[in-house]
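From a predicted model like this one, the values you see are computed outputs, not experimental measurements.
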Amino acid sequence: SRPHPPESPTSSQIYLSDQIVELFEACRQQPSDLARKEMCRSRLQQDINRVYAVARLYLTGSSMNELGCRSSDADLCLVIKGNVSKAASLLFSLLPVYIEKTQLIRAKVPILRFREKGSNLEFDLNVNNTVGIRNTFLLRAYSYADRRIKPMILVVKKWARHHQINDASKGTLSSYTLVLMVLNYLQTRKEPVIPSLQMDYPECFNPFVDVDLVPEGPKRIPPYISRNQAPLGELLLGFLEYYAIHFRWDKYVISVREAQVLPKTNSQQWKNKYICVEEPFERNNVARAVHEKAKFDAIRAQFAESFHILKQRRDLNSILPIRDII
Ligand code: ATP
Ligand code: MG
């Protein structure tokens with residue numbers, strides 16, 4: 001028979017916390033996954049350099065920010081000087097024999113999506129969207145600020161994907177938006193779990209520093225010692241509750257840059273938007289994909305439903321509560 005958790009008031013929270021750590025350990029990107037992505041990146045960079053001698057190709061996103069899982073795609077940013085559309089068409093012709101299923105996604109930032117031939121490794125390449133390099137290393141610094149950050153974010157990403165609210169191309173939340181929402185929840189507790197790293201270490205996140213130097217910037221940031229030592233299970237429950245019940249979507253902008261929520265102004269980027277999440281460097285709305293009321297309602301409803309299920313399981317001291325929401 002299944003073992004019963006010990007009967008202390010927080011026992012199921014400890015159980016839940018253990019499950020989150022277990023899930024994280026099982027799903028997190030492995031060094032071998034990164035090595036494979038890096039190998040493909042450097043091969044591609046060499047091919048591109050035959051045409052563009054000074055071009056540089058950077059791995060960004062969850063492959064580099066420590067918040068990826070084994071199945072995460074590889075985000076790439078190609079940095080070139082000069083005419084971007086000329087470079088893009090050149091890229092198409094150049095894309096060599098070892099990649100396949102190439103498609104151009106005409107988003108605000110156009111993306112070239114392709115797969116490494118014969119494998120399931122997917123790449124999303126943009127040209128000159130260097131803010132992605134800056135914010136990747138900001139997120140990476142947050143992932144090291146407290147040992148709870150990585151498992152917390154990974155479980156939230158899994159949860160959102162499971163419930164189909166993690167797809168900006170379908171009008172729901174991008175992973176990047178979700179990560180900023182988790183960080184801001186942790187920043188705005190009465191005892192913050194993490195501070196604003198941009199405010200505490202402005203010299204490490206100077207938005208004007210050359211992109212080549214960005215990866216070196218945050219290396220000297222020590223871990224943050226918070227008075228809030230709430231277990232992971234409690235933080236996950238609190239995160240769901242916060243966005244299900246407490247957060248006023250109509251009034252506030254989520255700002256990781258300031259470690260606060262900011263009043264929504266009438267400016268174009270916040271006006272009539274259901275969800276406002278500020279990009280930490282460019283200060284535009286990263287959640288602008290959520291433009292349908294029905295999708296917004298579905299997202300909120302999912303926060304509420306998962307919160308109530310998890311809370312009920314916790315109150316019942318039930319075993320394996322996390323499987324009820326993921
Ligand atoms: P996953 O593991 O699901 O692939 P991810 O962390 O890679 O998640 P994505 O939403 O795929 O997150 O975004 C990849 C990267 O692209 C982000 O880490 C960020 O650097 C950049 N990015 C995504 N959306 C934006 C945006 N709206 N503004 C600026 N940069 C963005
Ligand atoms: Mg990605």
side-chain contact (heavy atoms from CB on, under 4.5 Å) against S119, all qualifying residues, sequence neighbours excluded: R36, E116, L121
Salt bridge or not for R140 and E66, using N-O below 4.0 Å? yes
Under 3.5 Å, which donor-acceptor pairs do the side chains of residues 198-207 form with other protein atoms, sequence neighbours left out?
{"unit_1": "Q198", "atom_1": "NE2", "unit_2": "P280", "atom_2": "O", "d": "3.0"}
{"unit_1": "N206", "atom_1": "OD1", "unit_2": "F208", "atom_2": "N", "d": "2.8"}

If we ignore hydrogens and angles and just use 3.5 Å, is the side chain of E278 paired with the main-chain N or O of I254 as donor and acceptor? no
Supply the members, apart from L262, of the Ile/Leu/Val/Met/Phe/Trp/Tyr cluster built from side-chain contacts under 4.5 Å; use none for a lone residue. V253, W270
Between the main-chain N or O of R113 and the side-chain N or O of Q103, is there a donor-acceptor pair closer than 3.5 Å? no
Is the backbone of V277 close enough, under 3.5 Å, to the side chain of N285 for a donor and an acceptor to pair up by distance? yes
If you look only at distance, which donor and acceptor atoms sit under 3.5 Å apart when one is on a side chain in residues 223-231 and the other is two or more places apart or in another chain?
{"unit_1": "S226", "atom_1": "OG", "unit_2": "P192", "atom_2": "O", "d": "2.7"}
{"unit_1": "S226", "atom_1": "OG", "unit_2": "N228", "atom_2": "N", "d": "2.8"}
{"unit_1": "S226", "atom_1": "OG", "unit_2": "N228", "atom_2": "O", "d": "3.4"}
{"unit_1": "R227", "atom_1": "NE", "unit_2": "E191", "atom_2": "OE2", "d": "3.2"}
{"unit_1": "N228", "atom_1": "OD1", "unit_2": "A230", "atom_2": "N", "d": "3.0"}
{"unit_1": "N228", "atom_1": "ND2", "unit_2": "E191", "atom_2": "O", "d": "3.0"}
{"unit_1": "Q229", "atom_1": "OE1", "unit_2": "R147", "atom_2": "NH2", "d": "2.9"}
{"unit_1": "Q229", "atom_1": "NE2", "unit_2": "S226", "atom_2": "O", "d": "3.0"}

Between R257 and E279 (side chain of the first, backbone of the second, donor and acceptor by atom type, cut-off under 3.5 Å), is there such a pair? no
In plain terms, say whether D212 and R56 are close enough for a salt bridge, that is, a side-chain N and a carboxylate O under 4.0 Å apart. yes
Any sub-3.5 Å donor-acceptor pair from T136's side-chain atoms to G61's backbone N or O? yes
Sorted by chain and number, sequence neighbours left out, side-chain contact (heavy atoms from CB on, under 4.5 Å) with I153 holds for L67, I149, K157, V179, V182, L183
I'd like to know if K293 and D297 make a salt bridge, using a cut-off of under 4.0 Å between side-chain N and carboxylate O. yes
L112, N126, I48 screened by side chain to side chain contact (heavy atoms under 4.5 Å, CB included) with L78, the one that passes: I48
Between V209 and V79, is there a shared hydrophobic cluster once you connect ILVMFWY residues whose side-chain heavy atoms come closer than 4.5 Å? yes
Assess the residue pair V193 and R148 against the criterion (side chain to side chain contact (heavy atoms under 4.5 Å, CB included)); give the C-alpha distance rounded to whole Å, side-chain angles, the decisive distance to 0.1 Å, and a yes or no. CA-CA 9 Å; V193 176; R148 292 164 291 181; 3.4 Å; yes
Check whether any side-chain N or O of S306 sits under 3.5 Å from a backbone N or O of Q302 as a donor-acceptor pair, and report yes or no. yes
Ring centres of Y185 and F247 under 6.0 Å apart? no
Give a yes or no on whether the backbone of S255 and the side-chain of N184 come within a donor-acceptor separation of less than 3.5 Å. yes
Suppose we screen for ring pair (Phe, Tyr, Trp, His ring centres under 6.0 Å). Which residues come up paired with Y274, at least two apart in sequence or across chains? F296
Short side-chain to backbone donor-acceptor contact, N49 and Y52, under 3.5 Å: yes
Judged by atom type as modelled, is there a donor-acceptor pair below 3.5 Å linking the side chain of Q29 to the main-chain atoms of S72? no
